[in-house]
Amino acid sequence: MFHFRKTIAGVTLVALLSQASPASAQRTSDSLATKQTKALLQNLFSHLGKGILLGHQDALAYGTTWKYQTGRSDIKDVTGDYPAVYGWELGHIEHGAAVNLDTVPFDKMRRYIEEGYERGGVITISWHSDNPLSGKSAWDVTPGAVTSVLPGGANHQKYIQYLSKVADFLASLKGKNGEAIPVLFRPYHEQSGNWFWWCQNVCTPDEYKALWRMTVTYLRDERQLHNLLYVYNTSEFKDGSSLVFSDRYPGDDIVDVVSLDSYDGGDSHTNKYFEQKADSGLAYVDSFALAHNKLPAFAEVGYEGIRNADWWLTNLKKVIAGKRISYMLFWRNAGYIGNATKLSYFTPYKGEKSVPQFRRFIKENHIILNKQAQKWKLYQEPQTNKHR
Ligand code: BMA
């Protein structure tokens, strides 16, 4: 925040950097957050504007054409360096399953998380929980699921069991010195969509907020997990519906990061639709973050199959320009999924056609990979420097 002061002559305006607000801007929503968790948020804040950390979902588990090869990552294959942010997914943990909905074993996932953290990377976790009312997938929008899990609802106890499985996993993530690994936890994501049981078409703003608060209260207070930063997330806004973002915002006391998911799927020559929706969505998230002292992020982005190799240097470059974005996470390189005949991927892999453009994009747009993130020492308490 800038303050302006007039000189006595009333001619010159002097901008003074406020010393009061940065400290509060960097406070974790959980006042008991571990020191690494607090440091992570502060450091991500202090590096805003210096570069965007690059993230990749399931980066260490598999790539477009391989699975479970020690030390491998598609990002590393094409850039020589690991991503700075690792995304992981808990779907099916609620049933006590050994593997997630994308067949990644949770034991392996834990080791990959520890590996990424030890390398100085950032961990973010999403959760496509099955619908607790119908028993079907996260994409089942049988109405009433959210009400049914709130206190007094028929599925409340069952859902607390779901949450307890999530808590067990999050509590099991430990660094070499036994410290809890900080996690950017992003539950109930893409709330402005109409495809998950927690989306805006099947629950009211109050129900959504109550679900969020119940979740945070359980993890933070009941289970005493203090390694979590909470990421509130939306999908794109249709005209004027940014209200769906503010109406459902759970509250400054239980959110640390505000974020957008936006994918390109448009016409391979223009990709205009993506440009517009991502541009306005990011601008909105950025201004909301500023107003609420939260960290802004691009929590999911990508163009499946990268049908236009210049996408990196044109469309994506355009939408991130001029925005404050802490990190940007590309979705998973799943390869062949289901009965698909086409490979599914969101980042280049060895031999993929857009590798040169991707490398240029990284070089020319201050995109941060692991080595740079290591230098930023994200888990170390920043030195206090009043005049910084
Ligand atoms: C989706 C797709 C699915 C996957 C889900 C959870 O966007 O990638 O294949 O099951 O995310 O990771």
Side-chain angles (χ1 to χ4, degrees), residues 55-68 73-75 83 85-95 97-110 112-113 116 123-132 134-141 145 162 165-166 169-170 183-199 201 231 233-236 259-266 274 277-278 281 297-307 327-349 352:
H56 193 200
Q57 183 74 359
D58 286 349
L60 303 175
Y62 55 84
T64 309
T65 60
W66 56 272
K67 234 176 174 181
Y68 308 134
S73 130
D74 274 350
I75 296 291
V85 176
Y86 300 92
W88 300 100
E89 163 58 38
L90 294 184
H92 288 184
I93 205 160
E94 64 274 12
H95 306 303
V99 299
N100 83 351
L101 78 169
D102 301 321
T103 72
V104 180
F106 288 111
D107 278 347
K108 278 196 195 313
M109 193 186 296
R110 182 180 301 108
Y112 292 134
I113 288 172
I123 309 301
T124 179
I125 294 186
S126 53
W127 180 31
H128 288 74
S129 167
D130 278 354
N131 182 321
S134 65
K136 295 182 186 162
S137 79
W139 291 266
D140 177 66
V141 285
Y162 278 21
K165 298 286 193 294
V166 169
F169 185 79
L170 294 172
V183 170
L184 295 158
F185 184 46
R186 185 171 62 102
Y188 317 128
H189 63 298
E190 301 178 359
Q191 46 77 348
S192 67
N194 58 7
W195 44 84
F196 294 129
W197 58 262
W198 54 84
C199 279
N201 57 327
V231 185
N233 175 259
T234 183
S235 189
E236 65 235 37
S259 65
L260 176 80
D261 284 8
S262 189
Y263 286 91
D264 201 333
F274 167 73
K277 70 179 183 174
F298 206 173
E300 283 186 36
V301 55
Y303 183 19
E304 192 170 18
I306 316 165
R307 283 177 282 145
Y327 63 91
M328 164 173 70
L329 180 127
F330 296 100
W331 204 240
R332 63 201 199 102
N333 287 1
Y336 291 111
I337 24 176
N339 302 323
T341 50
K342 273 193 191 158
L343 288 171
S344 174
Y345 58 92
F346 292 87
T347 79
Y349 55 94
E352 193 269 341

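Worth saying up front: this structure is predicted, and the values here are computed from it rather than measured. Start at 1 and go down the list; that is how both ligands and their atoms are numbered. Quick note: numbers below take in every heavy atom, side chains included, and nothing from hydrogens, waters or symmetry partners.
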What protein heavy atom sits nearest atom 4 (C) of ligand 1, and how far away is it? Asp102 OD1, 3.1 Å
Looking only at side-chain N and O atoms, does Asp74 offer a donor or acceptor that is under 3.5 Å from a partner on His56? no
Could you check atom 7 (O) of ligand 1 against the protein and tell me its nearest heavy-atom contact, residue, atom and distance included? Trp331 NE1, 3.3 Å
When only distance counts, is Arg332 in polar contact with ligand 1, meaning an N/O pair under 3.5 Å? yes
Could you check atom 5 (C) of ligand 1 against the protein and tell me its nearest heavy-atom contact, residue, atom and distance included? Trp139 CH2, 3.7 Å
Does ligand 1 have a heavy atom under 4.0 Å from the side chain of Gln57, from its backbone, from both, or from neither? neither
Determine whether the side chain, the backbone, both or neither of Trp127 has a heavy atom under 4.0 Å from any heavy atom of ligand 1. neither
Using the test side chain to side chain donor-acceptor pair (under 3.5 Å), find all partners of Ser262 that sit at least two apart in sequence or belong to another chain. none
Against heavy atoms of Glu89, which atoms of ligand 1 measure under 4.0 Å? 12 (O)
Just checking, is any N or O donor in the side chain of Ser134 or Asp140 under 3.5 Å from an acceptor N or O on the other one? yes
The residue among Tyr188, Trp197, Phe196 that forms ring pair (Phe, Tyr, Trp, His ring centres under 6.0 Å) with His128 is Phe196
Quiz question: by atom type and distance under 3.5 Å, do the side chains of Trp331 and Glu304 form a donor-acceptor pair? no
Residue pairs fulfilling salt bridge (charged side-chain N to carboxylate O under 4.0 Å, His left out) with at least one residue in residues 331-344, sequence neighbours excluded: Asp102-Arg332
